[in-house]
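Shown next, in structure tokens, is the structure this report addresses.
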Amino acid sequence: MSCFTEEHDLLRETCRSFAEKELKPFAQKHDEDESFNHNAFKKMGPLGVLGITIPESFGGGGSDAVGATIVMEEFGRCCASSALSYLAHSILCVNNIYVNGSEEQKRIYLPKLCSGESVGGMAMTEPAHGSDMIFMETRAEKRGDRYFLTGTKTFITNGAQGDLFVVYARTGDAGAKGISAFIVEKGFKGFSVGKKLEKLGMRGSPTTELVFNGCEVPAGNLLGKLNNGTAQMMKTLDIERTTIAGISLGIARAAVETMLWYGEERRQFERPILDFQFVQKLLADAEMEYQAASSLVYNVADRLSKGERVTKDVAAAKLFAAESATRAGNSAIQVLGGYGYTREYPAERLLRDAKLMEIGAGTNEIMRHIIVRELRKNAS
Ligand SMILES: Cc1cc2nc3c(=O)[nH]c(=O)nc-3n(C[C@H](O)[C@H](O)[C@H](O)COP(=O)(O)OP(=O)(O)OC[C@H]3O[C@@H](n4cnc5c(N)ncnc54)[C@H](O)[C@@H]3O)c2cc1C
């Protein structure tokens, strides 16, 4: 693709061989026992990808949205769960602190996050508020030199193993303009990790509730400006959705490769099943959709890197990549027949993992809503 530089190609090569060695062989185990691949995460520090979008002076990788999407695709191809945890850390937390944080906050938090000493996450969703997060109920009240946070967040990626989180809470009036962001460390008084959620897919990326019981946060840990949390969140949403679409690309790629490999190996009626045109259709369509999704996703990543406003096209790219990944995972099961339905082969995991891509960072319905909203806005 024309947006790929030599650095991007090298990054892809490096991440591919890392993921083949450190993620793929362990993906099934972590899926089975719902555990996090700590080993691989620690090794991502020296690899230079834990702060992929931020400058090297903070320990980051100094790359752009295209580079970050490449890492997501390569990690997602070998273990989508690890890619999701990596995304929560490197984009939802690290990139957010870099974009919205003060110099002091960056100096204190970013080097540890980039080296892998600290694991990061982001907490916005609540039990009663997901798509309508602007109605969130977690409150932060200022008393003296501290904010006291009270409420519960849910579906938090890296909740179990995270050391610090970007947490959104209400500091003002109802609605979008009364929300602020905070950097909360797991050791702060009043912070605890709640229930661990048992999931259909992405099981190697632990998801938990986070409970704030008058959690004491120093006033200096307000991230960005007071009551500006929604605007700050909107500023980073495009890169979050673009890079999560990179995970969809990785899952779709893995499905294509699985179908190709198995279709050549498996013989029925004394010939490889890939000789049968109905089977060829499943593989051909998955490859076609992968190519189309890849063009869309890297196009918006490139335009984002150039500073363009691409909200509508990011929604379209995320939506199409997610639906393509789900269809590809489903086709992979079909091509593998009965074996595809078992846990002995990766096809069923691909489908289970892909389904999250249609929900996380904004559901398919919300993506469609954004596309139409932006079209109408542009037309009026
Ligand atoms: C594995 C996993 C990891 C996650 N990680 C994080 C994380 O790290 N941090 C975090 O803050 N959150 C995280 N989330 C939360 C995720 O972003 C939300 O699940 C998502 O935004 C949807 O919110 P909801 O689940 O409350 O669904 P709801 O908003 O209740 O939606 C339910 C259904 O209603 C539809 N719907 C809602 N509103 C509309 C509308 N206006 N128009 C049309 N349809 C609508 C939705 O599309 C959906 O089909 C994670 C979720 C999962 C499952």
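Computation of the quantities below employed the complete heavy-atom set of this structure, encompassing side-chain atoms and omitting hydrogens, waters and symmetry-equivalent molecules.
- Residues Lys196 and Glu34 are not paired through a salt bridge, judged by the lack of any N-O separation under 4.0 Å between the basic side chain and the carboxylate.
- Not a single donor-acceptor pair under 3.5 Å links the side chain of Lys355 to the backbone N or O of Leu200.
- Listed for the Gln105 side chain is a donor-acceptor partner under 3.5 Å among the backbone atoms of Leu222.
- Residues Ala123 and Ile156 approach most closely at CA-CD1, 3.6 Å, considering heavy atoms.
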Checklist entry - Between Thr311 and Asp238, is a side chain to side chain donor-acceptor pair (under 3.5 Å) present by the stated rule, with each step listed? => result CA-CA 6 Å; Thr311 302; Asp238 280 349; 3.2 Å; yes

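- The heavy-atom pair separating Val193 from Ala160 by the smallest distance is CG1-CA, 4.3 Å.
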Next on the checklist: side-chain contact (heavy atoms from CB on, under 4.5 Å), that's the test. Do Phe278 and Gln334 meet it? Break it down for me.
Outcome noted: CA-CA 11 Å; Phe278 282 125; Gln334 197 64 24; over 6 Å; no

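- Looking at heavy atoms from C-beta onward, Leu223 lies in side-chain contact with Asn96 at the 4.5 angstrom threshold.
- In this structure, CG on Asn221 lies 11.0 Å from OH on Tyr147, to the nearest 0.5 angstrom.
- Remark: the backbone N or O of Phe148 is not paired with any side-chain donor or acceptor of Glu216 at under 3.5 angstrom.
- Under the 4.0 Å criterion applied to side-chain N and carboxylate O atoms, Arg253 and Glu287 are assigned as salt-bridge partners.
- Contact of the Leu50 side chain with the Val94 side chain is not registered, since no non-hydrogen atoms from C-beta on lie closer than 4.5 Å.
- Relative orientation of the Phe165 and Phe191 rings is parallel, given thresholds of 30° and 60° on the angle between their planes.
- Summarising the local packing, CZ of Phe276 is surrounded by more than 12 heavy atoms from other residues, nucleotides or ligands at distances under 6.0 Å.
- Of all heavy-atom pairs between Leu11 and Gly67, the closest is CD2-O, 3.4 Å.
- Side-chain atoms of Lys186 never come within 3.5 Å of backbone atoms of Gly162 as a donor-acceptor pair (strictly under, hydrogens ignored).
- Comment: Glu365 does not engage Arg368 in a salt bridge, judged by the lack of any side-chain N to carboxylate O separation of less than 4.0 angstrom.
- Rounding to the nearest 0.5 Å places CZ of Phe188 at 10.5 Å from CG of Leu149.
- At distances below 3.5 Å, not a single donor-acceptor pair connects side-chain atoms of Ser85 with backbone N or O atoms of Ser82.
- A donor-acceptor pair under 3.5 Å is formed between the side chain of Lys153 and the backbone N or O of Met124.
- Counting heavy atoms from C-beta outward, Thr326 and Met357 have side chains that stay 4.5 Å or more apart.
- The environment of NZ in Lys199 is crowded: more than 12 heavy-atom neighbours from other residues, nucleotides or ligands sit within 6.0 Å.
- Remark: Asp173 CG is loosely packed, at most 12 non-hydrogen atoms of other residues, nucleotides or ligands lying under 6.0 Å away.
- Cluster membership check: Leu237 does not share its hydrophobic cluster with Phe155, using side-chain heavy-atom separations under 4.5 Å among Ile, Leu, Val, Met, Phe, Trp and Tyr.
- Between atom OG1 of residue Thr157 and atom CG of residue Leu84 there is a gap of 4.5 Å, rounded to the nearest 0.5 Å.
- In Glu32, the CD atom is crowded: over 12 heavy atoms of neighbouring residues, nucleotides or ligands sit closer than 6.0 Å.
- No donor-acceptor pair closer than 3.5 Å links the side chain of Asn364 to the backbone N or O of Leu319.
- Put simply, the side chain of Ser180 never gets that close to the backbone of Leu226: no donor and acceptor are under 3.5 Å apart.
- Formation of a donor-acceptor pair under 3.5 Å by the Asn37 side chain with backbone atoms of Glu22 is found in this model.
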Item to check | Derivation of the side-chain contact (heavy atoms from CB on, under 4.5 Å) call for Glu289 and Phe320 | outcome: CA-CA 9 Å; Glu289 290 202 18; Phe320 185 71; 4.3 Å; yes

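- Within the 4.5 Å cutoff, no side-chain heavy atoms of Thr243 are placed close to those of Tyr86.
- Of the options Glu7, Glu74, Glu6, a salt bridge (Lys or Arg N to Asp or Glu O under 4.0 Å) to Arg12 is made by Glu74 and by none of the others.
- To the nearest 0.5 Å, the span separating OH on Tyr98 from OG1 on Thr53 amounts to 8.5 Å.
- A single hydrophobic cluster is not seen to contain both Phe212 and Leu197; linkage of ILVMFWY side chains at heavy-atom distances under 4.5 Å, directly or through other members, places them apart.
- Two residues are said to be in side-chain contact when any heavy atoms from C-beta on lie closer than 4.5 Å; Ile273 and Tyr262 meet this criterion.
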Next on the checklist: Run the salt bridge (Lys or Arg N to Asp or Glu O under 4.0 Å) test on Glu348 and Arg352 for me, step by step, so that the C-alpha distance in whole Å, both residues' side-chain angles and the decisive distance to 0.1 Å come before the verdict.
Outcome noted: CA-CA 6 Å; Glu348 57 86 35; Arg352 287 187 287 108; 2.7 Å; yes

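- Ile97 CD1 to Leu164 CG: the interatomic distance, rounded to the nearest 0.5 Å, is 5.5 Å.
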Next on the checklist: Determine whether Ile370 and Arg241 satisfy the following criterion, side-chain contact (heavy atoms from CB on, under 4.5 Å), listing intermediate values before the conclusion.
Outcome noted: CA-CA 12 Å; Ile370 292 170; Arg241 290 182 172 153; 3.3 Å; yes

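- Within a 6.0 Å sphere centred on CD of Glu308, heavy atoms belonging to other residues, nucleotides or ligands number more than 12.
- No side-chain donor from either of Gln232 and Tyr168 sits under 3.5 Å from a side-chain acceptor of the other.
- The minimum heavy-atom distance between Ile251 and Leu350, with the atom names listed, is CG2-O, 3.6 Å.
- Residue Ile247 is not grouped with residue Leu296 when hydrophobic side chains (ILVMFWY) are merged at heavy-atom distances under 4.5 angstrom, including chains of intermediate members.
- For the side chain to side chain contact (heavy atoms under 4.5 Å, CB included) with Ser35, the qualifying choice from Lys29, Arg203, Gln161 is Lys29, the only one to do so.
- Residues Met233 and Ile134 share a single hydrophobic cluster, defined by chaining ILVMFWY side chains whose heavy atoms lie under 4.5 Å apart.
- The 12-atom threshold is not exceeded at NZ of Lys21, counting heavy atoms of other residues, nucleotides or ligands nearer than 6.0 Å.
- Between Val166 and Ala181, the shortest heavy-atom distance links the atoms CG1-CB, 4.3 Å.
- Considering every non-hydrogen atom in both Ala301 and Ala65, the closest pair reads O-CB, 3.6 Å.
- In this structure, Arg170 contributes its side chain and Met136 its backbone to a donor-acceptor pair below 3.5 Å.
- Tyr298 pairs with exactly one of Arg303, Glu73, His8 by the side chain to side chain donor-acceptor pair (under 3.5 Å) rule, that one being Glu73.
- For the atom pair CD1 of Ile371 and CD1 of Ile366, the computed distance is 11.5 Å after rounding to the nearest 0.5 Å.
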Next on the checklist: Please evaluate residues Met259 and Ser331 with respect to the criterion side-chain contact (heavy atoms from CB on, under 4.5 Å), reporting the C-alpha separation (whole Å), side-chain torsions for both, the decisive distance (0.1 Å), and the verdict.
Outcome noted: CA-CA 8 Å; Met259 285 188 260; Ser331 295; 3.9 Å; yes

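- In this structure the side chain of Phe135 never reaches within 4.5 angstrom of the side chain of Glu126, judged on heavy atoms.
- In this structure, Leu283 is a member of the same hydrophobic cluster as Val279, with clusters built from ILVMFWY side-chain heavy atoms closer than 4.5 Å.
- Side-chain atoms of Met72 and Ile244, non-hydrogen and from C-beta on, never get closer than 4.5 Å to each other.
- With respect to Glu103 and Lys106, a salt bridge is recorded, a charged nitrogen being found less than 4.0 Å from a carboxylate O.
- Ile70 is listed as a side-chain neighbour of Phe4, based on a closest heavy-atom distance under 4.5 Å.
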